[in-house]
Amino acid sequence: MEFLNELNDAQREAVLHVNGPNMIIAGAGSGKTRVLTYKIAYMISQGIDPFNILSLTFTNKAAREMKERVSSKIGSGNARNLWMGTFHSVFAKILRIEHSKIGYPANFTIYDSDDSKSLIKTILKEFSLDPKIYKPNLVYSRISSAKNNLISAEAYEKNTTIVGDDARSNKPLIYKVYQSYQNRCFAAGAMDFDDLLYKMNILLRDDAQALVKYQSKFKYILVDEFQDTNFSQLTILKRLAAKFENICVVGDDAQSIYAFRGANIENILNFKKMYTDTAVYKLEQNYRSTQYIVNAANSIIKHNSEQLKKEVWTSNVEGEKIKVFRTNSDNEEAAAIANELFSLEMRNHSGYDSYAILYRTNAQSRALEEALRRSNIPYRIYGGLSFYHRKEIKDLLAYYRLALNQKDEEAFKRAVNYPARGIGKTTIDKILLTAASNNMSLWEVVTNSNLRNIGIANATMNKLLGFIELIHSFKAIAENLTSFEAGEKIAASSGLLKELYSDKSVEGLNRYENIQELISGLKDFTENQKEQGLDNKLADFMNDVALLTDQDNESDDDIVKVTLMTIHASKGLEFPYVFVAGLEENLFPSQLSINSRSDLEEERRLFYVAITRAMNRAYLSFALTRFKWGNLNHCEPSRFIEEIDARYLDYPEMELFKSKPSIPKKTIPLKKPTAAFDPPTRLKKVSDSQKVSIHTDSDNSKLFVGAEVEHLRFGKGKITKLEGVSPNKKATVVFNNIGEKQLLLKFAKLKLL
DNA sequence: TAATGTAGAGTTTTT
DNA sequence: CTCTACATTA
């Protein structure tokens, strides 16, 4: 067990605690994953059968990484027998085994949130509910949060508090939508994400046999990111752990950032009350970041009231203060970041993958992208439209889904509609109506009823029969061929491939390539499964394809790139250099959070997560004006900047900002561009205080190659190269003290000597 | 039924 | 601004 020596005292104690409930509070960068993997390795070395260990994570990526790390410790043979995966994928697997106990087919479809929302829209239409009042997103989140609190559709209707809330918000009929939604999902042989957890609860609650079976199987349960669990997940855990109570939860309350989605921070705050003999281990030594970063992060999180006590510290180098950039506009902010990033890279040559630019909202990425592109800095954006959510992918998957489960309503609607085959809205509406009033699936309607009776014309009927025939043939293909062969055949026979191939536009080409990528993914899958002696039918591929996300699909080209992502997406990652952009009131913290204490605390935790991603240096930036939906808005710096202890900041203007009266928030129409360049005088005075690296108005036209220049920070040097045109003119300067640097002239403010 | 235009909405989103 | 979803027209 020499690997135990690689741990610090707190980590080792946590690893050695195997029996009984225990909770590991793991500060940011404190080696949480290491503890979890070593703990599993240790358990197995103590003779615990891997078959008896269940390890749950939130992302497939985390699960995969964990599995790899455990494999390298205990060998892949042992690791293969561990039950390690996401909540959703593990429970989906169990529910497919136990499907008959809950009345579902083994090959039930998993609806993703697009499917769910589409179904909700259909239902709203049938009930003639105004989608402007009953916003599908809102209805979905009401249903979702009910399910995550284990409130059934029937219980929802009887819950006066909930129904009262709905009534007050002018949406008294949500309970009806919920009921219909559940019925339709069931008729379609489909479960949504929340159902996977909900039905798992039902299984364990109502089926004593299953309960005993899984309680005995999972003698040891480990849960990562416990702060992000919801009530439904917690209840499953409690049910499974009730027999042995060997449950280990790992998490950090300070990094709980998904409460808006139903995660319940109380789960971690109250764990000790649930299991009174819980042993608590705190991992407080941070191995990731410099002292300045750790201290700054601590000083932020101190402002939250609800938290578990812990003191994160580090023995790493002191590092440098967190630098704050103040800029006049969002574009200048982006340029300042690109500029600083570029000069850092010129100095350190650490590779562009050492940098991350984090932001609160995806919309902020545009300006940043542009600035990076202009500076020829390679970057990669995470987030946005994920691979599996692209239309063409969903279209093809709809055929696969239908081949496996003909009752799948959402797949039916999608497949029948594309490629165009002369079956349109009117026909579908008729089928939908019949299905809804008879509680049937769409497939049952088109295969069982007399279509003429529901008013479908002969010509259309023949087209429908052709479609049914097609799906029948796909069903046979899916059953008999490997997933790759079947997937390829269906893509071709559905006409989808041809349709996309004939589209020669850039987007069309892209779509075609995406389809090719999916099919080559199928090929990999088929070969992998074969190698491991596992089933490789289309059904096996589709089992949890709905549970996959983009990050599971990282097709990394070898170019090292700057990472652009939302702070949410950055959780669990680390970068030597981190820029956090858009630190403005109403953006970060978000406008929708500032009226509620708990929402604001979540934003603050988000900020904490952002800062603690940084290993060497962190930068914060904000703009005084920002375009939002074509309008120019004045912005105030975020309260979060002030909340950081000033000792850890490189932000000389802060004092001036603190004393200023707050600028009334207003929207200025685009028509008055002068406003953008005419900030209040008090602010203008600040910009003269030299420390700010943003200047737009220096005259660079007189510079020439060979000129002796002076730079405020870098000192004296000589220009060796000039390139680009104003305003993006770039100079290469060899400085006497620090050597060669490339500078964008509009920012560098070089003085000709 | 299919294509084309316009209105409206637009935090974060592991699954 | 920019995407998407629906409605109108051909």
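The shown structure was predicted, so the numbers you read here are calculated from the model rather than taken from an experiment. First the proteins, then the strands, lettered A, B, ... as listed; each starts at 1.
- Counting any heavy atom pair closer than 4.0 Å across all strands shown, A:Asp228 reaches a base atom.
- Residues passing the side chain to side chain donor-acceptor pair (under 3.5 Å) test with A:Ser141, sequence neighbours excluded: none.
- Rounded to whole Å, atom P of B:dT1 lies 18 Å from atom OH of A:Tyr418.
- Heavy atoms of A:Thr427 sit under 4.0 angstrom from primed sugar atoms or phosphate atoms, though from no base atom.
- For A:Ser593, the listed nucleotide lying nearest its side chain is B:dT11; candidates were B:dT14, B:dT1, B:dT11.
- For the pair A:Asn60 and B:dT14, the criterion of a side-chain N or O lying under 4.0 Å from OP1 or OP2 is not met.
- With its glycosidic angle more than 90° from 0, B:dT12 is assigned anti.
- Side-chain atoms of A:Ala420 lie closest to B:dA2 of the nucleotides B:dT14, B:dT11, B:dA2.
- The residue among A:His88 and A:Leu606 whose nearest nucleotide of DNA chain B lies closer to the 5′ end is A:Leu606.
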Pairs under 3.5 Å (N/O, protein and nucleotides 4-10 of chain B):
| from | atom 1 | to | atom 2 | distance (Å) |
| --- | --- | --- | --- | --- |
| B:dG10 | N3 | A:Trp629 | NE1 | 3.2 |

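- The aromatic ring centroids of A:Phe412 and A:Phe467 lie less than 6.0 Å from each other.
- Straight-line distance from the CD1 atom of A:Ile381 to the P atom of B:dT12: 13 Å, rounded to whole Å.
- With sequence neighbours left out, the ring pair (Phe, Tyr, Trp, His ring centres under 6.0 Å) criterion links A:Phe231 to no other residue.
- Ring planes of A:Phe226 and A:Phe271: perpendicular class, angle over 60° (limits at 30 and 60°).
- Between the CZ atom of A:Arg360 and the P atom of B:dT11 there is a distance of 10 Å, given to the nearest Å.
- Note on A:Ser590: a base of the nucleic acid sits closer than 4.0 angstrom, heavy atoms only.
- If you find the closest nucleotide of DNA chain B to A:Phe193 and to A:Ile423, the one lying nearer the 5' end belongs to A:Ile423.
- Checked against ring pair (Phe, Tyr, Trp, His ring centres under 6.0 Å), A:Phe525 has the following partners two or more places apart in sequence or in another chain: A:Phe541.
- A:Asp395 and A:Arg390 are not joined by a salt bridge, as no carboxylate oxygen comes within less than 4.0 angstrom of a charged side-chain nitrogen.
- Rounded to whole Å, atom C1' of B:dT14 lies 14 Å from atom CE of A:Met66.
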Which protein N or O atoms sit under 3.5 Å from an N or O of nucleotides 2-10 of chain C?
none

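- Set against B:dT12, B:dT11, B:dT1, the side chain of A:Phe260 has B:dT12 as its closest nucleotide.
- Of the N and O atoms on the side chains of A:Glu392 and A:Asn514, at least one donor lies less than 3.5 Å from an acceptor on the other residue.
- The separation between A:Met565 atom CE and B:dT13 atom P is 10 Å, rounded to whole Å.
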*After noting the C-alpha distance and the side-chain angles of A:Glu574 and A:Arg288, does the key distance pass the salt bridge (Lys or Arg N to Asp or Glu O under 4.0 Å) rule?*
CA-CA 8 Å; A:Glu574 61 181 24; A:Arg288 176 186 296 154; 2.7 Å; yes
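- Base engagement by A:Glu603 is indicated by at least one non-hydrogen atom pair under 4.0 Å involving a base atom.
- Separation of the C1' atoms belonging to C:dA5 and B:dT12 is 23 Å when rounded to the nearest angstrom.
- Distance from the side chain of A:Thr361 is smallest to B:dT11 among B:dT11, B:dT14, B:dT1.
- A:Ser116 meets the side chain to side chain donor-acceptor pair (under 3.5 Å) test with A:Tyr181; sequence neighbours excluded.
- An OP1 or OP2 oxygen of B:dT1 is reached within less than 4.0 angstrom by a side-chain nitrogen or oxygen of A:Thr426.
- Taking the P atoms as reference points, B:dT13 lies 16 Å from C:dT4, given to the whole Å.
- Atoms CG (A:Leu592) and P (B:dT13) sit 15 Å apart, rounded to a whole Å.
- The distance from atom CD of A:Gln364 to atom C1' of C:dC1 is 15 Å, rounded to the nearest whole Å.
- Using a 4.0 Å cut-off between a side-chain N of Lys or Arg and a carboxylate O of Asp or Glu, A:Asp114 and A:Arg414 do not qualify as a salt bridge.
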*What do the steps show when you test A:Arg401 against A:Glu410 for salt bridge (Lys or Arg N to Asp or Glu O under 4.0 Å), and what is the final call?*
CA-CA 9 Å; A:Arg401 280 162 58 171; A:Glu410 293 306 309; over 6 Å; no
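- At a threshold of 4.0 angstrom between heavy atoms, the contacts of A:Tyr258 include nucleobase atoms, whether or not backbone atoms are also involved.
- Spacing between atom CZ of A:Arg626 and atom P of C:dC1 amounts to 17 Å, rounded to whole angstrom units.
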